[in-house]
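For reference, the structure is listed below as structure tokens.
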2 protein chains.
Amino acid sequence: MLGLIGRRGKSAMALQYDEIVRGSLAKQVADLIRAAILEGRLQVDERLPTEEELAKRFGISRPTVREALKVLAAQNLIRSRRGPAGGTFVTRPDLDAAARTITDAATLLVGMGRFEIDEIVAARGQTEALCCRLAARNRTDEDLDAMAQELLLQQDETLSDEDFCASDVRFHRAVVQATGNGPLQFIMHAMIESFIPITNMLIYRHHERRRTIGAHQRIRMAIAERDEDTAAALMQHHVEGMRAVLDQALAHRRLEKPGGETI
Amino acid sequence: MLGLIGRRGKSAMALQYDEIVRGSLAKQVADLIRAAILEGRLQVDERLPTEEELAKRFGISRPTVREALKVLAAQNLIRSRRGPAGGTFVTRPDLDAAARTITDAATLLVGMGRFEIDEIVAARGQTEALCCRLAARNRTDEDLDAMAQELLLQQDETLSDEDFCASDVRFHRAVVQATGNGPLQFIMHAMIESFIPITNMLIYRHHERRRTIGAHQRIRMAIAERDEDTAAALMQHHVEGMRAVLDQALAHRRLEKPGGETI
DNA sequence: ATTTTTATATTTGTCAAACCTTTTGCGTTT
DNA sequence: AAACGCAAAAGGTTTGACAAATATAAAAAT
């Protein structure tokens with residue numbers, strides 16, 4: 001019974017205005033375990049007690065414990081397996097999983113129209129230009145190869161719009177990858193994966209492929225020659241050149257507003 | 001009974017190798033509802049059926065439904081209230097909530113040592129210098145006031161290390177805020193909130209306050225005068241100047257490795 | 001003796017039915 | 001008209017049980 005507040009009687013203690021209760025029992029338990037993980041009191045890959053044991057120790061029921069564990073699992077902090085050697089384990093922080101999390105969050109915001117197109121274009125232009133600078137400085141030959149591979153693919157005329165967009169995303173990712181900076185790659189994920197597809201799916205219906213490919217090729221060339229200023233300027237021009245096309249494409253899209261009850 | 005796969009007997013259907021099941025029932029339900037929200041089939045602030053009703057429609061039990069809803073609530077997609085007018089509602093995508101999500105993800109990665117200090121310093125220097133440029137271009141007088149307020153606070157000698165660090169974070173946030181670019185602010189949250197505290201809590205034990213304050217003041221002045229190049233250079237120098245101090249501080253910290261069973 | 005099969009115990013996953021707590025709204029009383 | 005109180009609705013929690021998966025040990029077959 002770890003001090004959780006359940007079925008609290010209104011103890012007539014005068015002047016006790018500070019946070020009566022933080023939330024549901026499940027939330028309190030989730031917060032406790034999360035804190036234990038974040039503070040390192042629970043090591044990576046360490047096994048937590050069984051759900052029944054947790055329920056007993058916290059003085060709550062197993063379904064409530066499970067609700068708490070589900071929340072933590074949704075945050076990629078723990079994972080569960082069945083069986084005798086199963087149980088709940090602390091998950092090693094995974095770069096991909098974390099990147100997916102922030103991408104989802106960014107995609108949601110973009111999809112719900114919380115950002116202006118102009119803002120997105122400006123943010124892309126600036127940050128990707130910066131990445132170009134660092135890429136020109138730190139790129140390896142493998143990075144150049146990765147870019148070349150996408151360029152080759154993009155020149156295939158039979159490529160569907162969707163596949164072309166996907167290749168475009170991979171090209172920009174390759175540029176970010178070439179910076180060799182982990183934290184920057186992590187941050188740029190949100191840009192690359194959420195901002196680019198939204199803008200591109202609108203644009204490529206208007207057949208701007210040739211121009212895009214040309215810009216990509218020049219960018220790669222500048223990075224190959226370690227010409228920071230040129231690479232950055234090219235990228236910024238490439239991205240911000242979309243603005244006009246985007247505004248036009250957006251006008252078409254305003255009319256599509258589906259709605260339907262499914263659940 | 002919406003086609004969920006529960007208690008599946010090994011139906012002897014030959015050649016049905018494709019994804020027998022996606023996961024637990026709770027996960028399947030969570031995925032279904034999430035997709036409905038992300039695709040706009042469930043509008044913002046729309047009320048979902050009651051938990052009992054959902055259980056009936058999906059053909060599963062209420063605890064399982066609740067596990068699914070908890071997952072979605074943890075992702076800030078829904079919220080629940082009790083009472084007759086209560087229920088489960090689709091949450092409007094919130095910038096702060098999303099920012100908190102990515103901050104948590106980044107903090108976790110940093111805390112678990114998935115990034116090198118050098119990388120973090122470099123990423124901070126580059127991106128914050130970029131923000132300085134845009135801040136110098138777009139800042140309002142209110143932005144300058146916000147910076148000045150933190151500077152004033154930082155000059156208080158009696159400030160605790162923790163409070164000084166918090167003010168430092170707010171100063172850097174004010175710079176990002178001054179860019180006036182929503183997506184950029186969103187992305188930079190992860191830097192500001194997770195990368196800065198980690199580095200600063202190490203540094204300020206070594207009493208670098210005066211130098212920090214001086215750098216802040218010069219940065220603000222350059223932004224006020226709309227001098228992009230100077231502001232960017234100052235910020236980059238300010239951030240990357242920490243590297244040596246950081247390496248030193250890190251050496252001290254290597255010895256602290258607490259471990260203890262609490263859950 | 002080695003491999004394969006079977007049994008068993010353990011742990012998560014799911015279910016059912018109830019009860020508790022909070023909140024709203026209505027109806028009664030003052 | 002305002003205040004109070006009650007009842008209904010919905011999420012929050014509990015209890016106890018069973019189902020499914022899986023690692024380990026035991027047994028059987030080769």
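Lettering follows sequence order; numbering is per chain, from 1.
- Checked for salt-bridge contact, A:Arg79 and A:Asp94 miss the test: no charged N lies under 4.0 Å from a carboxylate O.
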For B:Thr179 and B:Asn181, what are the C-alpha separation, side-chain angles and deciding distance, and is it a side-chain hydrogen bond (donor to acceptor under 3.5 Å, both in side chains)? CA-CA 5 Å; B:Thr179 65; B:Asn181 186 299; 5.8 Å; no
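- Here the P atom of nucleotide D:dC18 and the CZ atom of A:Arg82 are 17 Å apart, to the nearest Å.
- B:Lys27 and B:Asp31 are joined by a salt bridge, as a carboxylate oxygen and a charged side-chain nitrogen come within less than 4.0 angstrom of each other.
- Contact annotation: B:Thr88 reaches the phosphate of D:dG11 (side-chain N/O to OP1 or OP2, under 4.0 Å).
- Distances shown here put a side-chain N or O of B:Arg47 below 4.0 Å from the OP1 or OP2 atom of D:dA10.
- Checked for salt-bridge contact, A:Lys56 and A:Glu52 miss the test: no charged N lies under 4.0 Å from a carboxylate O.
- A:Val90 is linked by a side-chain contact (heavy atoms from CB on, under 4.5 Å) to A:Ile37, A:Leu42, counting only residues two or more places apart in sequence or in another chain.
- B:Asp104 has no carboxylate O lying under 4.0 Å from a charged side-chain N of A:Arg34, or vice versa, which leaves the two without a salt bridge.
- For the pair A:Leu54 CG and D:dT14 P, the computed distance is 14 Å after rounding to whole Å.
- Of the residues in residues 62-70 of chain A, those with a non-hydrogen atom less than 4.0 angstrom from any atom of DNA chain C are A:Arg62, A:Arg66.
- For B:Arg81 and D:dA10, the CZ to C1' distance is 11 Å, given to the nearest whole Å.
- Straight-line distance from the CG atom of B:Leu72 to the P atom of D:dG11: 14 Å, rounded to whole Å.
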